[in-house]
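Let me begin by presenting the structure, written as structure tokens, before commenting on it.
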2 protein chains.
Amino acid sequence: MSKPRGRPARGDGITREQILDAALLLLEEGGGQGVSMRALAAQLDVTPMSLYHHVSDHTALLRAISDRVYASVLDDDAAGEVPVVRIRSLLIRYHGAVSDFPQLTLAIFAQPAAFAGVTRDITDRLIALLEVLTKEAELWLDILIDHAHGNALAFQALRDHPRQAASMRTRYLQALDQLLARLA
Amino acid sequence: MSKPRGRPARGDGITREQILDAALLLLEEGGGQGVSMRALAAQLDVTPMSLYHHVSDHTALLRAISDRVYASVLDDDAAGEVPVVRIRSLLIRYHGAVSDFPQLTLAIFAQPAAFAGVTRDITDRLIALLEVLTKEAELWLDILIDHAHGNALAFQALRDHPRQAASMRTRYLQALDQLLARLA
DNA sequence: ACCTGAACACCGTTCAAGT
DNA sequence: ACCTGAACACCGTTCAAGT
């Protein structure tokens, strides 16, 4: 029943990659109160403590997950397009990431000190694009990012109502376009 | 050392009011991961289980707290003023409540199913005011509320930097005015 | 009606013991 | 290097026992 105590044979044992994969899976389905070390370990058929050999901390785990999630936001930035279009596509992908994993977003904001710099690249690119269009780039950065975050929270509130959630996506797009139209 | 087992003498024992007071206190200072039943009980010099005689649940406790916090938002609505001014003052008070208790806000959003209707009165009043000013009242409700929420989250991120937090308040006001100016 | 103590099922994390 | 088991300090919550 119980596993041997020592180091497992080569090829057994757990990878950091496998941990992150399982964590994302738990995050998507479980929804509950987030990924716990113990539940994650059970998912991987391993004792909780073995995770600490690959991840230093629970918040380090969350940071690793969010790094992975937000990395995809920076891909495919419609590089050839006009600034407004690039801003729009960047925000839509950011909003998508944030509202696909609302529990992760909440966890990050619950202890923000540990997550400085995770979304740094995104805001850096956004502000560079905004500076082309307006003198008050920082103000509009605040508005657009805050709006994405707040909307993602409202999203979370409709988690159990998929039909309303779908219309929420289009409402975000409407609001975003309304804001962008007033930017110039 | 240990208290007697039975019902305490008249005047001893705990009130629901005292529980909420202590909970708000813990919320303000502790900041940490929110108010736990056990920490709250310790604060009141009582066993955790005695709380369940006055509050049915941990989420019921949070709901009671948030009812109290948000009730003050509806006071003093500058009733004589123009709609824009009333909207502005309402949102500023709402933003204040939300960012004074970011941990509460996060807790509420973490399990939103239990909190439908808490902020209902606020959105009702807001939308009534918005309908005077624009045909797209619901769209602007989304924008303004989401903005307040998102900004409150960003606020939380600066919890340990009071100086930056102070300038954040004025930045919220700037952004709010920018949005309201584009409403008409 | 209202409190206590013991108990159950969870957390994150440390530490020593194993291979 | 990497896993286990036991342990510590936390959670929320239930249930029986006390007055």
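Treat the numbers as computed from the prediction; the structure is a model and nothing was measured. In what follows, every chain begins at residue 1, and chains take the letters A, B, ... in the order their sequences are listed.
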Check your understanding: Tell me, do Asn151(B) and Met168(B) make a side-chain contact under 4.5 Å, heavy atoms counted?
Key ->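 Yes. Closest side-chain heavy atoms under 4.5 Å.
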Point to revise | Min side-chain heavy-atom separation Thr119(A)-Ile108(A) under 4.5 Å | key: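 No, their side chains stay 4.5 Å or more apart.
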Check your understanding: Within the pair His54(A) and dC3(D), is there a side-chain N or O less than 4.0 Å away from OP1 or OP2?
Key ->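 Answer is yes, contact under 4.0 Å.
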How many Å lie between [atom1] on [X] and [atom2] on [N], as a whole number?
{"X": "His53(B)", "N": "dC2(C)", "atom1": "NE2", "atom2": "C1'", "value": "5 Å"}
{"X": "Leu40(B)", "N": "dC3(C)", "atom1": "CG", "atom2": "P", "value": "13 Å"}
{"X": "Leu44(A)", "N": "dC3(D)", "atom1": "CG", "atom2": "P", "value": "10 Å"}
{"X": "Ile14(A)", "N": "dT4(D)", "atom1": "CD1", "atom2": "P", "value": "8 Å"}
{"X": "Asp45(B)", "N": "dC3(C)", "atom1": "CG", "atom2": "C1'", "value": "12 Å"}

Review point. How does each nucleotide of nucleotides 7-15 of chain C score, in 5' to 3' order, for protein heavy atoms under 4.0 Å: base (B), sugar-phosphate only (S), or none (-)?
Key: B---BBBB-
Practice item. Any ring-ring contact (aromatic ring centres under 6.0 Å, His included) involving residues 129-153 of chain B? Give me the pairs, sequence neighbours left out, ordered by first then second residue. Key: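 ring-ring contact (aromatic ring centres under 6.0 Å, His included) check on residues 129-153 of chain B returns Tyr94(B)-His149(B), Phe109(B)-His149(B), His147(B)-Tyr172(B).
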Study note, to complete from the structure: DNA chain D in dot-bracket form (Watson-Crick or G-U pairs under 3.5 Å, [ ] crossing, | inter-strand) is ||.|||||...|||||.||
Exercise for review: With sequence neighbours excluded, give me every salt bridge (charged side-chain N to carboxylate O under 4.0 Å, His left out) pair touching residues 94-108 of chain B.
Suggested key: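 Matches after skipping sequence neighbours: Asp100(B)-Arg169(B).
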**Study point:** Partner residues of Ala107(A) under the side chain to side chain contact (heavy atoms under 4.5 Å, CB included) criterion, sequence neighbours left out
**Key:**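 Applying side chain to side chain contact (heavy atoms under 4.5 Å, CB included) to Ala107(A) gives Leu62(A).
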Check your understanding: Is there a donor-acceptor contact under 3.5 Å linking the side chains of Gln178(A) and Glu136(B)?
Key ->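 Note: Gln178(A) and Glu136(B) side chains meet the donor-acceptor criterion.
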Check your understanding: Which pairs, with at least one residue in residues 37-56 of chain A and sequence neighbours excluded, count as a side chain to side chain donor-acceptor pair (under 3.5 Å)?
Key ->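 Those involving residues 37-56 of chain A do not exist here.
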Check your understanding: Just wondering, more than 12 heavy atoms not from Gln174(B) lying within 6.0 Å of its CD?
Key ->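 Yes, the 6.0 Å shell around CD holds more than 12 heavy atoms from other groups.
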